[in-house]
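Within every chain, numbering begins at 1; the chains are lettered A, B, ... in the order of the sequence lines, protein sequences first and strands thereafter. In this text, all values refer to a predicted model and were calculated from it rather than measured experimentally. Below, each value reflects all heavy atoms present in this structure, side chains not excepted, and no hydrogens, waters or symmetry copies.
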2 protein chains.
Amino acid sequence: MSSPTRNPVTRPRTLTRERILEVALELFNEQGYEKTSLREIADRLGVTKAALYYHFQRKEDILLELHLRLHDLGRDLLDQLDALDEQELVAAWPSLIDQFIEKVLANRELFLVHQRNEQAFHQLADNERHQAENDDIEQRFRRFLANPAIPLADRVRMACSIGAVFSALMGAGGMFGDAPVEEVAALVRDAIGDLFPSHR
Amino acid sequence: MSSPTRNPVTRPRTLTRERILEVALELFNEQGYEKTSLREIADRLGVTKAALYYHFQRKEDILLELHLRLHDLGRDLLDQLDALDEQELVAAWPSLIDQFIEKVLANRELFLVHQRNEQAFHQLADNERHQAENDDIEQRFRRFLANPAIPLADRVRMACSIGAVFSALMGAGGMFGDAPVEEVAALVRDAIGDLFPSHR
DNA sequence: GTCTATATTTCGATAGAC
DNA sequence: GTCTATCGAAATATAGAC
């Protein structure tokens, strides 16, 4: 399992397919996955409902593709995490959080749709598990947090870091008045730095 | 507006009404609000679908009641928050977080259903706003975070605190292996304490 | 690839007896 | 308060022409 030749499942990226995903992402964020009908997606795209079925077999597959793109973002972070041993981990954490913050900021809508439709994404995993048994990044992260070789206090603070990033950076624009995102991001980095005082 | 005589809208708490809410909370957490049909709620309760309509006019009203109970939990925390002035705030923060942690732990399922069905709860606010214009606790908290009288760095760290609590304490049981919740909660308190070094 | 139908199903909600 | 029965309105998905 997990042979080195496993390719990243070449997913076709035709133009209209991308436009469907783009519009779906918008609508799922505005109204939620369940409340968004294929008709609405088709309407905003200027095509009919049936046309969507040429590009995606089921409605669920649209959400699945968005899920896979989130996985692509999280995968190498978790690979880095798994490559470190327990002693290096705390020292490397700020750097990993930096990368994470960059990815969140560069893909806000994608992270947002996951947060706002947690249930829909979660039920996806059941069907997706046929393709990628232990590739679910949430599961991998939970397994990481359950590792007794890492001091519990550190694991708790790592979990806190993730939540802090989401909480402070993923609210819709202007959560802190008119403060620019970069400034907020820098303050979040500082705060998480204080959670891991490397020189004590 | 917000006259002192505004009573907490005496909501009837009959026995079966409570059982409906109990079962609905379970199912909404397991399958999500949209994916849970009234038939499923009725089945698990041993009654028929139509019986539910004696206790709730619409399906939405079941979710609304859960929302109101979350509001009841958050209201006095926000009242305390609004009563403080900007200088006392940082010093009082750890105590407020303590109370918040207690409420989260004592009402895990209630907070969980909100996190997992963010969209459904959010669309509720539109209809609910008729009754409680500026009583939405999320909006109140956002308004608090936008207050320029508080240093931005402090506001960011407060937002981080909330996310940290959710992230570390609301995962289903055993997020950190078999570590007891109280121990994790204590570690979260420590971590947030490090975010606000009162003696520097 | 996109269209016009249409099949099929499920769900929320109501009416009215008991 | 709970039941049986049913309505009406969506929505997903399919069939087949162009």
* Identify which one of B:Glu18, B:Glu65, B:Glu22 satisfies the salt bridge (Lys or Arg N to Asp or Glu O under 4.0 Å) criterion when paired with B:Arg13. => B:Glu18
* Measure from CD on A:Glu60 to C1' on D:dT12 and round the result to the nearest Å. => 12 Å
* **Length of the line joining A:Tyr53:OH and C:dT8:C1', which is rounded to integer Å** => 12 Å
* Asked: What integer distance in Å separates A:Ile41:CD1 from D:dT12:C1'?
  -> 12 Å
* Asked: B:Arg58 has a side chain; which of C:dA13, D:dG1, D:dC3 sits nearest to it?
  -> C:dA13
* Asked: How close or far is atom C1' of D:dT12 from atom CD1 of A:Ile62, stated in whole angstroms?
  -> 11 Å
* Asked: Should the pair B:His71 and B:His67 be assigned to parallel (<30°), tilted (30 to 60°) or perpendicular (>60°) ring geometry?
  -> perpendicular
* Structure fact -> B:Lys49 has its side chain closest, among C:dG1, C:dG12, C:dC3, to C:dG12
* Quick one: is the NZ or CZ of A:Lys103 closer than 6.0 Å to the six-membered ring centre of A:Phe111, and within 45° of its axis? -> no
* Measure from the side-chain heavy atoms of B:His55 and tell me the nearest of D:dT2, C:dA13, D:dG1. => D:dT2
* To do: Give a yes/no on whether any side-chain N or O of B:Thr48 is located under 4.0 angstrom from OP1 or OP2 of D:dT2.
  => no
* Structure fact -> From the candidates D:dC3, C:dC3, D:dA11, the one with an atom nearest any side-chain atom of B:Val47 is D:dC3
* Asked: Does the side chain of A:Tyr54 get closer than 4.0 angstrom to OP1 or OP2 of C:dT2 through an N or O atom?
  -> no
* Structure fact -> On a heavy-atom basis, the closest approach of A:Arg75 and A:Asp72 is NH2-OD1, 2.6 Å
* Asked: Given D:dA5, C:dG1, C:dC3, which nucleotide is nearest the side-chain atoms of B:Ala50?
  -> D:dA5
* Structure fact -> In whole angstroms, the gap separating P of C:dG12 from CG of B:Leu63 amounts to 12 Å
* **Ring centroid separation B:Phe121 to B:Phe28 under 6.0 Å** => no
* In terms of side-chain heavy atoms of B:Leu38, which of C:dG1, D:dT4, C:dG12 is nearest? -> C:dG12
* Could you tell me the separation between the CD atom of B:Glu34 and the P atom of C:dG12, rounded to a whole number of Å? => 9 Å
* Structure fact -> Between CG of B:Leu45 and P of D:dC3 the distance, given in whole Å, is 10 Å
* What nucleotide, of C:dC3, C:dA13, D:dT12, holds the atom closest to the side chain of A:Ala51? -> C:dC3
* Asked: With sugar-phosphate meaning primed atoms plus P, OP1 and OP2, does A:Ser37 contact a base, only sugar-phosphate, or nothing at under 4.0 Å between heavy atoms?
  -> sugar-phosphate
* What's the CG-P distance between A:Asp61 and D:dA13, to the nearest Å? -> 9 Å
